[in-house]
S.K.: 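First the structure, then my questions, so here it is.
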Amino acid sequence: FTTAAKDGTYISGLFLEGGSWNISGAVLESSKPREMFCPLPVINIRPAIVDKFEPGTFLCPVYKTQQRGPTYVFSLQLKTKADPGKWVLAGVVSIMDIL
C-alpha cells in the first residue's frame, strides 16, 4: 500500500488458529488438515460500535500470543457462510505472534 487508509489503519501479520481464510471468497472456513495456523491478508481495521455488526460475521478474538486471557486485544469481524457458533465451538482465534 502506498497511501494510508482513509478510515482506520492497515495491519498485517495476523494468523488464524482453528480455521482458515479463503482469500478468493473472502470468508472464514474450516482449517485444512495438518494446518495449525493460517496467515490472514492485510486487514483494514476501523473502529465500530460493538452493538452494530453485519449478519453472517464471526467476532473473532485477537490475542497477542497463543496464551489466552490477559493477552486479549480486540475482536475482528470475519465474514462466514457458516453459523458463528461453529467457530466458537472450534475455538477459532487470531494470534499476533505465533511461537
Side-chain angles (χ1 to χ4, degrees):
F1 295 94
T2 57
T3 60
K6 288 184 177 183
D7 186 21
T9 187
Y10 294 116
I11 64 168
S12 64
L14 294 179
F15 293 86
L16 274 177
E17 180 181 346
S20 100
W21 185 252
N22 180 333
I23 293 177
S24 61
V27 294
L28 181 62
E29 58 185 24
S30 297
S31 59
K32 295 169 181 63
R34 297 181 180 222
E35 182 181 61
M36 190 79 167
F37 300 100
C38 172
L40 283 171
V42 175
I43 299 173
N44 183 5
I45 300 292
R46 297 177 300 214
I49 297 171
V50 176
D51 293 343
K52 297 181 180 179
F53 63 93
E54 299 176 25
T57 59
F58 165 61
L59 286 175
C60 180
V62 178
Y63 293 96
K64 291 179 189 175
T65 63
Q66 290 173 284
Q67 179 185 0
R68 309 294 194 268
T71 65
Y72 174 80
V73 182
F74 66 99
S75 292
L76 285 173
Q77 285 188 18
L78 299 178
K79 291 183 182 178
T80 179
K81 293 181 182 177
D83 180 57
K86 172 183 177 177
W87 308 117
V88 173
L89 291 174
V92 174
V93 297
S94 183
I95 307 291
M96 291 181 167
D97 184 28
I98 57 173
L99 302 175

S.K.: With sequence neighbours left out, write down each residue that passes salt bridge (Lys or Arg N to Asp or Glu O under 4.0 Å) with Lys81, or none if nothing qualifies.
M.R.: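 Applying salt bridge (Lys or Arg N to Asp or Glu O under 4.0 Å) to Lys81 gives none.
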S.K.: Where is the tightest heavy-atom contact between Gly19 and Cys38, given as atom of each residue plus distance?
M.R.: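 Looking at all heavy atoms of both residues, the shortest contact is O-CB, 3.8 Å.
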S.K.: Identify the two heavy atoms, one from Pro61 and one from Ser75, that lie closest to each other, and give their separation to 0.1 Å.
M.R.: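 It is CA-OG, 4.0 Å.
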S.K.: Please work out which of the three classes, parallel, tilted or perpendicular, describes the rings of Tyr63 and Tyr72, given edges at 30° and 60°.
M.R.: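 Because their plane-to-plane angle is over 60°, the rings of Tyr72 and Tyr63 count as perpendicular.
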S.K.: Report whether Val73 and Leu76 are members of the same hydrophobic cluster (ILVMFWY, side-chain heavy atoms less than 4.5 Å apart, transitive linking).
M.R.: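 Per the 4.5 Å side-chain linkage, Val73 and Leu76 are co-clustered.
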S.K.: Write down the atom of Val92, the atom of Phe58, and the distance for their closest heavy-atom approach.
M.R.: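 Minimum heavy-atom separation between Val92 and Phe58: O-CZ, 3.8 Å.
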S.K.: Hey, quick one: are Trp21 and Met36 part of the same hydrophobic cluster, counting side-chain heavy atoms closer than 4.5 Å, chains of contacts allowed?
M.R.: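 As far as the 4.5 Å side-chain criterion goes, Met36 and Trp21 are not connected within one cluster.
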S.K.: Any chance you could measure Asp83, atom CG, to Leu89, atom CG, to the nearest 0.5 Å?
M.R.: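 Asp83 CG to Leu89 CG: 9.0 Å, rounded to 0.5 Å.
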S.K.: Quick check against the 3.5 Å criterion: does Thr80 have a side-chain atom that pairs as donor or acceptor with the backbone of Val27?
M.R.: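 Side chain of Thr80 to backbone of Val27, a donor-acceptor pair under 3.5 Å: no, none is there.
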S.K.: Kindly give the heavy-atom pair with the smallest separation between Arg68 and Pro70, and that separation in Å.
M.R.: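 In this case the closest contact between Arg68 and Pro70 is O-CD, 2.9 Å.
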S.K.: Would you say Trp87 and Leu78 make side-chain contact, with heavy atoms under 4.5 Å?
M.R.: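 Side chain of Trp87 against side chain of Leu78, heavy atoms only: no contact under 4.5 Å found.
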S.K.: When rounded to the nearest 0.5 angstrom, what is the spacing between NZ in Lys79 and CG in Asn22?
M.R.: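 Nearest 0.5 Å value for the NZ-CG distance: 12.5 Å.
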S.K.: Please name all residues satisfying salt bridge (Lys or Arg N to Asp or Glu O under 4.0 Å) with Arg46, sequence neighbours left out, ordered by chain then number.
M.R.: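 So Arg46 forms no salt bridge (Lys or Arg N to Asp or Glu O under 4.0 Å) with any residue.
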S.K.: Go through the structure and list residues passing side chain to side chain donor-acceptor pair (under 3.5 Å) with Ser20, not counting sequence neighbours.
M.R.: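 Result, side chain to side chain donor-acceptor pair (under 3.5 Å) vs Ser20: Lys32.
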S.K.: What closest approach, in Å, do Leu14 and Ile11 show between heavy atoms, and which atom pair accounts for it?
M.R.: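 Nearest heavy atoms, Leu14 then Ile11: CD1-CD1, 3.5 Å.
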S.K.: With a 4.5 Å limit on heavy-atom distance, are the side chains of Phe37 and Gln66 in contact?
M.R.: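 When only atoms from C-beta onward are counted, Gln66 and Phe37 do touch, with a gap below 4.5 Å.
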S.K.: Under a single-linkage definition using a 4.5 Å side-chain heavy-atom cutoff for Ile, Leu, Val, Met, Phe, Trp and Tyr, are Leu59 and Leu16 assigned to the same hydrophobic cluster?
M.R.: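 Looking at the clustering, Leu16 is in a separate group from Leu59.
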S.K.: Working to the nearest 0.5 angstrom, can you tell me the gap between Met96 CE and Phe15 CZ?
M.R.: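 Result: 12.0 Å between the selected atoms.
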S.K.: Hey, does Asp7 have a side-chain heavy atom less than 4.5 Å from the side chain of Asn44?
M.R.: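 Not in contact.
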S.K.: Does any part of the side chain of Cys60, heavy atoms only, come nearer than 4.5 Å to the side chain of Leu28, both counted from C-beta?
M.R.: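 No. Closest side-chain heavy atoms not under 4.5 Å.
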S.K.: Identify the two heavy atoms, one from Ala90 and one from Gly18, that lie closest to each other, and give their separation to 0.1 Å.
M.R.: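 Scanning both residues, the minimum pair turns out to be CB-O, 4.3 Å.
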S.K.: Enter the distance from Asp97:CG to Thr65:OG1 here, rounded to the nearest 0.5 Å.
M.R.: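 Here the rounded value is 7.5 Å.
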